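Quick notes on the structure that follows.
Below, chain A is the first sequence line, B the second, and so on; all start at residue 1. Side chains are part of it too, since the values below use all heavy atoms of this structure and drop only hydrogens, waters and symmetry mates. Predicted model only: the values in this text are computed from it and were never measured.
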Number of protein chains: 2
Amino acid sequence: MKKKVYIVDDHALFSQSLSVLINHFEEYEVTFQGQNGRDLIFRLQDNTHEAPDIILLDLNMPVMNGVETMDWVMKNHPSIPVLVLSMQDDANLILEMIKKGVKGYLLKDITPTLLKKALDDTLNFGFYHTEKVTKALINSLHQNKPHMYEIKDKEMTFLKLACTEKTYKEIADEMHMSPKTIDGYRESLFEKLEVKSRVGLVLYAIKNNIYRL
Amino acid sequence: MKKKVYIVDDHALFSQSLSVLINHFEEYEVTFQGQNGRDLIFRLQDNTHEAPDIILLDLNMPVMNGVETMDWVMKNHPSIPVLVLSMQDDANLILEMIKKGVKGYLLKDITPTLLKKALDDTLNFGFYHTEKVTKALINSLHQNKPHMYEIKDKEMTFLKLACTEKTYKEIADEMHMSPKTIDGYRESLFEKLEVKSRVGLVLYAIKNNIYRL
DNA sequence: ACAGGAAAGGGGATTTTTCCCCTTTTTAAT
DNA sequence: ATTAAAAAGGGGAAAAATCCCCTTTCCTGT
């Protein structure tokens with residue numbers, strides 16, 4: 001019996017190509033391709049379909065992104081292993097996803113051979129991590145950065161608006177708050193995200209897919 | 001005789017998957033995969049290899065990006081048709097690439113069937129354009145925006161530095177110029193790019209791959 | 001009911017950004 | 001060589017962003 005793989009990625013050409021590739025692996029077959037987290041949820045909730053043995057999840061999706069999707073999967077189908085397949089090579093993001101319980105974090109520039117190994121290892125041993133990821137993990141422990149920050153809802157709203165050409169005053173109006181409060185969110189985010197200018201906020205937001213171009 | 005396809009994309013998993021997919025099309029075979037423009041140039045310059053019938057080119061590559069690569073191909077191998085395969089759905093970028101002579105601009109969310117049609121059409125009729133692209137073209141003619149002034153070298157350097165947390169004063173130091181000159185570049189770019197704040201510059205630079213995260 | 005903490009908001013100063021209008025220097029074409 | 005345009009640089013001011021320290025308001029747990 002072949003192992004069933006679900007692919008969730010908004011780039012149809014990629015996921016279809018990847019399907020073909022994976023179907024060439026003797027032991028695997030792709031039984032579902034979704035464009036975003038919502039597609040995956042509908043599929044998993046519809047139990048006329050057999051659950052997959054593993055999920056390959058992209059992070060950067062327009063509708064329901066990988067982070068949110070992962071939360072849902074862990075809550076509702078914690079036994080299905082998830083491998084992230086992303087273009088973003090960001091240590092913090094990797095750590096965040098691993099904390100959320102993904103079984104591996106693969107960059108889209110890996111070779112098919114490694115992808116195969118990642119699938120095999122995940123099913124056999126429960127996880128697959130590249131050296132890079134391992135290194136990132138060790139690093140994070142080393143520099144015991146307690147950067148256990150949490151971006152609040154309002155701060156998140158502000159952060160998104162900061163990625164526009166609006167002035168803080170205009171943002172304050174839009175959020176129906178005092179410019180001083182907005183300034184507080186800014187200050188707070190500067191500290192949490194370790195940046196020192198609005199440009200830093202924008203870069204953070206884009207890198208972490210909080211603001212989509 | 002199968003048509004030879006070259007794929008240039010920095011995401012190995014994508015290009016390898018895509019290869020497998022394309023090799024499934026009866027009339028095509030992928031005879032080369034490069035990670036960036038430089039790889040492609042080396043390959044094309046080495047004439048022990050037969051030239052391809054068509055090139056699939058990604059835009060967003062770290063080493064030598066699609067825009068530069070396209071310039072080189074048009075200059076040195078103008079007869080080889082190039083199809084852009086990008087994730088960036090940006091009207092101005094599409095126009096720029098078409099001006100440079102690409103035979104089609106495909107988004108990575110197309111279906112394999114459409115990709116096949118794009119390859120066929122390009123070889124048979126010389127080009128393949130989706131409705132979206134056609135519409136963008138017509139639009140651009142319609143609103144005869146004389147917009148596309150060119151960004152000068154110094155301005156480009158400044159633009160990249162503006163995407164950091166440096167102040168303009170610091171940027172001036174780094175570029176060994178007066179802050180007033182830097183201010184001139186800023187002003188000039190604001191007008192050319194139709195933005196009105198530094199955030200606008202950053203967004204433009206990222207959207208157009210001038211600054212890479 | 002109330003203490004403690006977080007969220008909201010303020011005062012005020014400094015720095016940076018943005019804008020407008022102007023002069024000098026460099027470059028390129030005739 | 002002459003000249004016109006482009007590039008570099010300047011003065012000065014208003015607007016926006018940044019910073020620091022403080023008060024009020026709103027929750028929340030006991």
Filtered N/O pairs between nucleotides 11-15 of chain D and protein, under 3.5 Å:
residue: D/dG11; atom: N7; partner: B/Lys180; partner atom: NZ; Å: 3.1
residue: D/dG11; atom: O6; partner: B/Lys180; partner atom: NZ; Å: 2.7
residue: D/dG12; atom: O6; partner: B/Lys180; partner atom: NZ; Å: 2.6

Legend entry - A/Arg186 CZ - D/dT18 P separation (whole Å): 5 Å
When you compare the protein's N or O atoms with those of nucleotides 5-7 of chain D, which come within less than 3.5 Å of each other, and at what distance?
residue: D/dA7; atom: OP1; partner: B/Lys152; partner atom: NZ; Å: 2.9

Legend entry - B/Ser19: side chain to side chain donor-acceptor pair (under 3.5 Å) partners, not counting sequence neighbours: B/Gln33
Legend entry - Carboxylate-amine/guanidinium proximity below 4.0 Å for A/Asp120 and A/Lys117: no
Inset, instruction - Under the salt bridge (Lys or Arg N to Asp or Glu O under 4.0 Å) rule, collect the residues that match up with A/Lys154, sequence neighbours excluded. - result: none
Inset, instruction - Using a 4.5 Å cut-off on heavy atoms from C-beta on, say whether the side chain of B/Glu165 contacts that of A/Val195. - result: yes
Legend entry - With sequence neighbours excluded, residues passing ring-ring contact (aromatic ring centres under 6.0 Å, His included) with A/Tyr185: none
Inset, instruction - Specify the separation, in whole Å, of atom CZ of B/Arg198 and atom P of D/dA17. - result: 12 Å
Legend entry - Partner of A/Asp9 by side chain to side chain donor-acceptor pair (under 3.5 Å), out of A/Gln16, A/Gln35, A/Lys108: A/Lys108
Inset, instruction - Would you mind reading off the bend of the helix from C/dA1-D/dT30 to C/dT30-D/dA1 from its two end axes, five pairs each, to 10 degrees? - result: 40°
Inset, instruction - Can you sort out the partners of B/Phe190 under ring-ring contact (aromatic ring centres under 6.0 Å, His included), two or more places apart, ordered by chain and number? - result: none
Inset, instruction - Mind checking side chain to side chain donor-acceptor pair (under 3.5 Å) for A/Asp58 and listing every partner two or more places apart, or none if nothing turns up? - result: none
Inset, instruction - Would you kindly say whether B/Ser188 and B/Glu155 are connected by a side-chain donor-acceptor distance under 3.5 Å? - result: yes
Legend entry - Lys/Arg cation over aromatic A/Tyr204: A/Lys192, 6.0 Å, 45° cone: no
Legend entry - Distance in angstrom units between A/Phe190 CZ and D/dA17 P, rounded: 10 Å
Inset, instruction - Name all residues meeting the side chain to side chain donor-acceptor pair (under 3.5 Å) criterion together with B/Ser86; count only those two or more places apart in sequence or in a different chain, and write none if there are none. - result: B/Tyr105
Inset, instruction - Please state how far atom CD1 in A/Ile182 lies from atom P in D/dT18, giving the value in whole angstrom units. - result: 13 Å
Legend entry - With sequence neighbours excluded, residues passing ring-ring contact (aromatic ring centres under 6.0 Å, His included) with B/Tyr211: none
Inset, instruction - Please list all pairs passing the ring-ring contact (aromatic ring centres under 6.0 Å, His included) test where one or both residues lie in residues 30-75 of chain A, with sequence neighbours left out. - result: A/Tyr6-A/Phe32, A/Trp72-A/His77
Inset, instruction - Please list, in 5' to 3' order, the outermost nucleotides of DNA chain C lying under 4.0 Å from any heavy atom of chain A. - result: C/dA7 to C/dG12
